[in-house]
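Just the heavy atoms: all of them, side chains too, but no hydrogens, waters or symmetry mates, feed the values below. Lettering follows sequence order; numbering is per chain, from 1.
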Amino acid sequence: MDLSLTDDQKMIKETAASFVKKDSPVARARELRDSALGWDAAVYRQMGELGWLGLPLPEAAGGFGGTMVDAAILLEEFGKTLVPEPYLASVVLGGRALVHGATAAQQAELLGPMIEGERVISLAWAERGSRYDPEAIEARAERRGEGWAITGEKVWALGAHAADDLIVSARADAGISLFHVAKGARGLTVQTVKTMDGGRAGRVRLEGAEARLLGEPGAAGAALSRVLDDAAAAACAEGVGVATAVLWMTVEYLKTRKQFGVPIGVFQALQHRAVDMFVATELLKGTSILANARAGSDDVVERQRAVSAAKAQLSSGGFYVVAQGTQLHGGIGVTDEHDISLYFKRMRVLMALFGDEEHHVARYAALPSFTAGL
Amino acid sequence: MDLSLTDDQKMIKETAASFVKKDSPVARARELRDSALGWDAAVYRQMGELGWLGLPLPEAAGGFGGTMVDAAILLEEFGKTLVPEPYLASVVLGGRALVHGATAAQQAELLGPMIEGERVISLAWAERGSRYDPEAIEARAERRGEGWAITGEKVWALGAHAADDLIVSARADAGISLFHVAKGARGLTVQTVKTMDGGRAGRVRLEGAEARLLGEPGAAGAALSRVLDDAAAAACAEGVGVATAVLWMTVEYLKTRKQFGVPIGVFQALQHRAVDMFVATELLKGTSILANARAGSDDVVERQRAVSAAKAQLSSGGFYVVAQGTQLHGGIGVTDEHDISLYFKRMRVLMALFGDEEHHVARYAALPSFTAGL
Amino acid sequence: MDLSFTPEEEAFRAEVRAFVASAMPPHLAEKAAVDGHFGMDEMMEWHRILYAKGWVAPHWPKELGGPGWSVAQRFIFTEELESAGAPILSPFGLAMVGPLLIQFGTKAQKERYLPKILSGEEVWCQGYSEPGSGSDLASLRTEARDEGDHFVVNGQKTWTTYAQYADWIFCLVRTNPSVKQQAGISFLLIDMKTEGVTVKPMLTSGHTPAFCDTFFDNVRVPKENVVGKVDQGWTMAKALLGHERTLIAAVGQSARAIQRVKHIAQATRCGDATLLDDPLFRAKVARLEIQLEAHRMANLRALAGAQLGHAPGPESSILKLRGSEILQQAYELAMDAMGQNALSWFNEPDVVPPDEHWVPSVFNYNRATTIYGGSNEIQKNIIAKLILGLPQVGKD
Amino acid sequence: MDLSFTPEEEAFRAEVRAFVASAMPPHLAEKAAVDGHFGMDEMMEWHRILYAKGWVAPHWPKELGGPGWSVAQRFIFTEELESAGAPILSPFGLAMVGPLLIQFGTKAQKERYLPKILSGEEVWCQGYSEPGSGSDLASLRTEARDEGDHFVVNGQKTWTTYAQYADWIFCLVRTNPSVKQQAGISFLLIDMKTEGVTVKPMLTSGHTPAFCDTFFDNVRVPKENVVGKVDQGWTMAKALLGHERTLIAAVGQSARAIQRVKHIAQATRCGDATLLDDPLFRAKVARLEIQLEAHRMANLRALAGAQLGHAPGPESSILKLRGSEILQQAYELAMDAMGQNALSWFNEPDVVPPDEHWVPSVFNYNRATTIYGGSNEIQKNIIAKLILGLPQVGKD
C-alpha cells in the first residue's frame, strides 16, 4: 500500500497548482461564462502543450500513458478555481470513450490532434429518456454505403457546441455501438445549451447524420460503462477541489467576518459546522482517490464499487460542503457576485452528471460484493 | 378548527399529570422492572377506579365513550415518568381490538371487568415471520365442536404473561379471524419474555388451544389494521411524553453541569442541539395530535396518512431526542443507573412497535393521497 | 379538539380558490404554472387585483382596509394563494411598515402612508442590514445627524431587496452616536427620490433581481418621518418582528414545491417505470411530505394559540426554521428528479420541459430561505435563550 | 500510488486470519460468532493466547516484547482481529500506561511493570475523570498530599472502567493545589490493593459491567510511583493521547457489525422476499457501508502518513469521530432489521435468533462510543482549533 505520489505526479500537481493560482483565478471562469465558447481556446491549446490533455491516454495515440489518477490530480487543482476548459468533456469523456471503444488506429487518428489542443472531442451519450443509463437510448444507426447514418437526438453532450469530433452512441442491429460524427457532417445540427455552472453543452440532432463506426458494432455497452465510470471518478476529483476551496474560503470568512464584536468563527455552532465541512471534504478526498485508482481496473465489481461510493459521497458530502459554505457566508453567499455561488453551482452540476446519489447507492447495493460472504 | 381540550380532557390531563408526579415517579418504573409482573396490580386497579381504563371504549361496554384523543392525553403524561401499567397493552391493543372486531355482547362481557381494573386483556397478533404485517400469519383455527381450536405461535404479545383474556388472530377457512382464548385454556402456554424497557410480553404457544370466535369469521383484517393504527397513534402520544421529559431533563442538565468553569449550556453547539431536540419534540407533538384525532376516522386514507406520518416522526424525531439527550448527558447517560437510559429504552421500544420508520414511510407513500392531483 | 376546518371556513377556502382561478390574468397564471420568477411589475399587478377585491391586507384592521378575517381565514387565504403559485406580494409595505404605522404612527403618518401602501401606489423597501451589521443589527452605523427640523443621513444599507423599484425605504439609523448600541437608533422613513439616495442592484445566485445596496449621501429627511420617538428605533424594530410571524411558515409554497417534484418524477422515465415509482425516490419525497405535515401542524398549533389571543412568541421561530428548510429541500428534490436536466440555466423553453424550466434558478436562490429574515442560526439562539432558558456566555 | 497491500502484507493477513481461526477456543469463538459481551476473564484468556504467540503488543518495540511490525501490518492485524469478533483487549495496560512507561518510565518502572502488562499477570485501569471533571480534565480535584517519601491520596475517580478487576490504576492527581489547573497535576501509579481504595461498580445501559467509581481514602502511594516528574502529569496525559490513535477507527468492528445487519436482514421475511431485498433497507445499509468505505480510506491515509514518519496529528480526531458514529449507526440498523425482536432483553436464547441475541445490549451501550475517549464534541473543538485555526472565545 502506497498512497504517495510518484515524482511525475508531484510535478503535475505543482504545475497545475501554480497554473490555477497564477493563470486561472476564479475571475477568469466568471468572465468566460458569458462568452460564446465558455472557455479560452488559447488556454486549451496551452494545456495541450503542457501535455495535460494526453495524461490519461495511451502513448500509442500520442498520450502520456498515464491513468485516471494522473488526470484526477489535475482536476482536483482545476476544481479549486473552476478552470473552465473542457478537460472532463474532451479528455475524459471524449478521449477515454475512444480508448475503451475504438480501434488503435482510430484512437491514433482522433486522439492525436486533441492531445495537441488542436481539436475538441465530445461524447454524446445521453438522451431525453435515458436518465443515467447509457443503454436506455433510442438513436438508431443504419448502414449507408461504406458508412453509417444516425437518426436521433442527444442531450447534455458536454462541449459538443464546439466539438470538432463527436462520439455518438446509437443502436445498430448488432446492438449499441459508438460512432464518429465529424463537425459539419451532413444531417448534424448542434444547438448550444447553457449549463448552470456557466459552461456549455450541445443538444445534438441527428437526421440520418453521416457517421463512421468506432470499434466493433454492438460492443459499446462495456465501453460506455467504463467511460462513464472514468468520468464519474473525474467528477469526484474535481469535486474535491471545489470542496477544498469552499472549505477554506469559508474558514477564512469565519475568521474575518465580525458580528457582535467578535469574528463569527468563535461561535461554537459555526465552528462545528466548519468541522463537519472539513470531515466531509476529507472523506470525499479518500473515496475519490480510491475511485480514480480503481477506474482503470478490469475488475468491474471493484471498479463500480469504488466509483459508486465516491460519487455517492460527492452528492452527499460534497453538496453538504457547498451548501453549508453558502449558509455560513450569510447573505453574500446567495448573490451572483460572490464567488461561492459559482462553486455551489459547479458542485451541483458535478452531482447531476454521471449518476446522482440514489443511482450510485442503488448500483453499489446491487453489486455482488454487497452480499459477498452472507 | 379547534385544538383546545374539552373540560373533561383538561381534567383528565390534570389528574394524570398530578398522578405521575406524585404517585408514579420514574423510581417506581425502575423498581418494577425487576418484579415478576412488571407493573403494580393495585395501581392498575386504581386506574380502573379513576375511569382511565375505559376512556377510549364504548359506553355500552361500561366505558367512557371517548376517543383515542382522550387516551392520548393520558399516555402523554404516562410517558413522562414511564408509568409501567399495561395501558397500551390492555386498553388500547386488547380493548380496542374488541371494539373493532367483536360483537356488542362480547365487548360488554370482556371489556367490563378490564375497565374495572379486574382483568388484563392482551392482543396476540404478531408471529415470527410477520414483521409489521398482521395478515402475514400462519396460526390456524379450526372448528372443534361448538368452539374452535387454534394452533400456532405468537410472539411479543404485550402483557400476555399476565393476561386474563387473550385476543388471538388466526387463519380460519373464512380468512383471518379473531378469537378469545381464556387464561389457563387447554392447549395454551404463555412464556414470559422480558422487553428492553423493563416490561414483559408473552410468547404464546397454541397447540389446539380452546378458543371462541370473536365477531364474524374472516373479517379480522380490517379490525387488526384499525387496532394497530390506534396503537401506533397511542405509541406516538406516549413518545411525546418521553421526548418531553428527556428534553427538559437535558436542558436542566445543561444548566447545572459545569465544565471549564461554566455551565455547559453556554456552549452554542450544545444549545443548538437542545434546540433541535425541542423542535423535534414539538413536531412529534403536532403529528401525534393529528394521528390520535384521525385514529377514529372511518376514512382509511385519512387515518393511515396521519398515523404513518406520526409514527415515522416518532422513529426519526423521537429517537433523535433520546439519542441526543443521552449524548448531552455524557458518560452518565450510558449508565443503567441514570434515568435517561430508561427513557432511551422506552423510546426505542415504541419505535419497534407497530411499524418502524421505513414501514410507515412506505405505507404513507403507497396511499392514494400521495399521488392525488397528479 | 377538532382538527377540521368548519363548513364556513371550507366555504371560504372554496371562495378564495375560485377567486384566484378567475382573477389571475393569463400571463400571470402561465408563469404561476411553472413557478417562474415574477418581476416587480407582475407582483404589483397582482397587488392591485387583490386590492380591488379588498383582500390585499388580510391582517390590517377592517377600518383601515383589511377584510376583517379570523386567524383561520388568514391561514386559509395564505395557503390557497401560495398553493396556486400566485405572486407573493412585497411584504415591506403591507406586512412590515404598514402594521408598524398602524401601531405606532401618528395620525398624519397613517393618513399619508397607509392608503398608498394598500393601493400599491407606493412601493416600499427595507433598510436594516449594513455591510458590517447583519445578524448583529445593533452595531449599525448609518448616521442621521440632527439638523434642527430635519436629519441628514449618511451611510450604506445592504440587502435592500427591490430598492430599485421602491418609492420609500424604512430604515434603522443611528441618531445618537454617544450611547451604546440599541439605545441610539431611530426608525426613519425616507423618500427614495430624495437627492443623495443611490441604489446599486445586484443579482441573486438564481440570476434574478432582488438585492441592492442603497447609499445615503447627505440625504435630508424631515423629522416628521421618524416613527415612534427619536432613539427608540429598536423598540420599533422589535414590534415589527412580532407581526404575522405565523405567515412565514410557507406551508402552501412547500406543498406546491413537493407537488412539482412529484410531477417531474412522474414524467421522468427511470428503468421500466417512472421515477415516482422508484421506491427510493418515492420514499424521499414521502419523508419530506411528512415533514411538511408536521410543520403544518406546528403552524396550526401556533394559529390555535393566536385564536385564543396569545401573541405569537418565540416558538414561531420554529416556523421560520422548518419552513425555510423544507422549502429548500423540496427544491433539492426537484433538482434530483430532473437528473441531468438539472444542468439547465435559462435556456430556450424546449431544452427542458416547462415544469422544470425555473427549478435551477429557484433552487439556487432558495439557499437564501435559511439566511434571510434572521438566519436559522439566529432563530436557534432565540429558542435557546427565550424558550429553553439556556445560560448565555458571560451571563450565568 | 498503489492502493493494494503488497503480496507480503496479504500473506501476513492470511497468517493472522488462520491463527485467529485456530487459536480461539470454542467457547470464545461461539461468543464471537454472536458478538456477545466478553467478560474480563474471557478478555484475559485471549490476552494470554496472543501473548503466547508474541502478538499481544503490536505497537511495542521489539526488544520489549513487540512483534516488530510495520504500520501496515498493525492495521491489518487490528482489522483482522476485529473482523473475527475476537475479544478486544483491555487497552489500559497495553495501549496506554505501557507505551507511556516505555517513553517516560524509569528503568526500574519499566522492569517492574512492563513484563506483567505484557503477560497479562497484572490488569490495569485508568483514573482520569472525576464527577466534576469530565471533558474539563484540568479541573480535577483528587489530591495527593506530599508526606515525604510517599503521597497520601484522597478523592474520587469515575468511569474507571473495569476497576473491579484491576490490580493497578494510573491516575491523574493534584500534587500542587496552589498553582492553576494543568500545572499542579501528577501522573501516579496506584496499587488497587492498597488500604483505602474502594471500588463501586456500575452497570452500563447495556446491562454489562464496565464503569466504576473508585474512591481513595487516605491512600499511601510511594513516590517512586510517579511517572515523569511531579507536577508534570499533564505532559504525560498528552503524550499518552498521542499513542496509536489510528487504532481507534474501529474499521473491522464496523465492518463486522454491517455484516451482521445484512445477516439479520437476509433472515428476515418482509413481504414476499427478505428484508435485505427491500430497496429502502438495502439502500440504508449501502449508505452506511459507503460511509465505512470512506472512513477506511481516511484511516489508510492516516496510516500512509504514519508510514512516512509523520506523527498522527489532530486529523486523527476524524477517525474517532467517524469510527464512533458508524459503529453506532450499524447497531441502529441492526435494531431496525430486527423489527419487533428489537424489544428483546437478555431472554432465553430461543426467543430471538442467536444472531440477534446481543444486539439490543450492544446497541444501548454503543451510545457511549461517541462519548468516551474524548466526546465527539471535544474532537470537533480540537479540529476547529488545531486544523482549521478558528479563533477561540476571548482569544482573538
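The two residues Phe354(A) and Gln340(C) have their closest heavy-atom pair at N-OE1, 4.4 Å. Across all non-hydrogen atoms, the minimal contact from Ser341(A) to Ser205(C) is CB-CB, 3.7 Å. Between Ala352(A) and Leu343(C), the shortest heavy-atom contact is CB-CD1, 3.5 Å. Summarising the geometry of Thr326(A) relative to Ile371(C), their closest heavy-atom pair is O-CD1, 4.0 Å, with the distance given to 0.1 Å. Summarising the geometry of Arg367(C) relative to Gln327(A), their closest heavy-atom pair is O-OE1, 4.2 Å, with the distance given to 0.1 Å. Summarising the geometry of Lys194(A) relative to Phe346(C), their closest heavy-atom pair is NZ-O, 3.1 Å, with the distance given to 0.1 Å.
With respect to Glu356(C) and Arg128(A), no salt bridge is recorded, no charged nitrogen being found less than 4.0 Å from a carboxylate O. A salt bridge is defined here as a Lys NZ or Arg NE, NH1 or NH2 lying under 4.0 Å from an Asp or Glu carboxylate O, and Asp278(C) with Arg131(A) fails to meet this definition.
Within the 4.5 angstrom heavy-atom criterion, no atom of Arg346(A) approaches chain C. When heavy atoms are compared at a cutoff of 4.5 Å, Thr268(C) approaches chain A solely by way of its side chain, counted from C-beta outward. For chain C, no part of Ala269(A) is nearby; none of its heavy atoms comes within less than 4.5 Å. Only the backbone of Pro131(C) comes within contact range of chain A, with heavy atoms under 4.5 Å apart. Heavy atoms of Tyr372(C) lying under 4.5 Å from chain A are absent altogether. With a 4.5 angstrom heavy-atom cutoff, Leu350(A) does not touch chain C via any of its atoms. Contact of Met338(C) with chain A is made through the backbone alone, with heavy-atom distances under 4.5 Å. Only the side chain of Glu348(C) has a heavy atom closer than 4.5 Å to any heavy atom of chain A.
Here the straight-line distance linking atom OG1 of Thr195(A) with atom CG of Asn347(C) works out to 8.5 Å at 0.5 Å rounding. If you take OG1 on Thr204(C) and CG on Asp336(A), they are separated by 7.5 Å, rounding to the nearest 0.5 Å.
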Open item on the list: Run the side-chain contact (heavy atoms from CB on, under 4.5 Å) test on Trp159(C) and Val334(A) for me, step by step, so that the C-alpha distance in whole Å, both residues' side-chain angles and the decisive distance to 0.1 Å come before the verdict.
Closed with: CA-CA 11 Å; Trp159(C) 314 127; Val334(A) 288; 5.7 Å; no
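No donor-acceptor distance shorter than 3.5 angstrom exists from the side chain of Asp136(C) to the backbone of Gln259(A), with no hydrogens or angles considered. Looking only at distances, no side-chain donor or acceptor of Lys258(A) sits under 3.5 Å from a matching main-chain atom of Gly132(C). No donor-acceptor pair closer than 3.5 Å links the side chain of Lys284(C) to the backbone N or O of Glu358(A).
Counting heavy-atom pairs closer than 4.5 Å to chain C, the top-ranked of the candidates Val193(A), Leu270(A), Asp356(A) is Val193(A). Chain A forms the most heavy-atom pairs under 4.5 Å with one residue out of Ala342(C), Gly271(C), Ala337(C), and that residue is Ala337(C). Most heavy-atom pairs under 4.5 Å with chain C, from the set Val349(A), Val155(A), Ile332(A), Leu342(A): that is Ile332(A). With chain C as the partner, the residue from Gly199(A), Gly129(A), Gly331(A), Ala201(A) showing the most heavy-atom pairs under 4.5 Å is Gly331(A). For the set Phe344(A), Phe260(A), Tyr132(A), Phe267(A), the entry with the most heavy-atom pairs within less than 4.5 Å of chain C is Phe260(A). Your options are Asn376(C), Asp350(C), Leu275(C), and the one with the most heavy-atom pairs under 4.5 Å with chain A is Asp350(C).
Looking at His338(A) and Met202(C), their side chains never come closer than 4.5 Å, going by heavy atoms from C-beta outward. You'll find the side chain of Val351(C) reaches within 4.5 Å of the side chain of Arg203(A), heavy atoms only. Side-chain contact between Glu377(C) and Arg273(A): present, with at least one pair of heavy atoms (C-beta onward) separated by less than 4.5 Å.
In this structure, Arg348(A) satisfies the cation-pi test against Phe363(C), with its NZ or CZ atom closer than 6.0 Å to the six-membered ring centre and inside 45 degrees of the ring normal.
Using modelled atom types and a 3.5 Å distance limit, the side chains of Asp197(A) and Trp345(C) yield no donor-acceptor pair.
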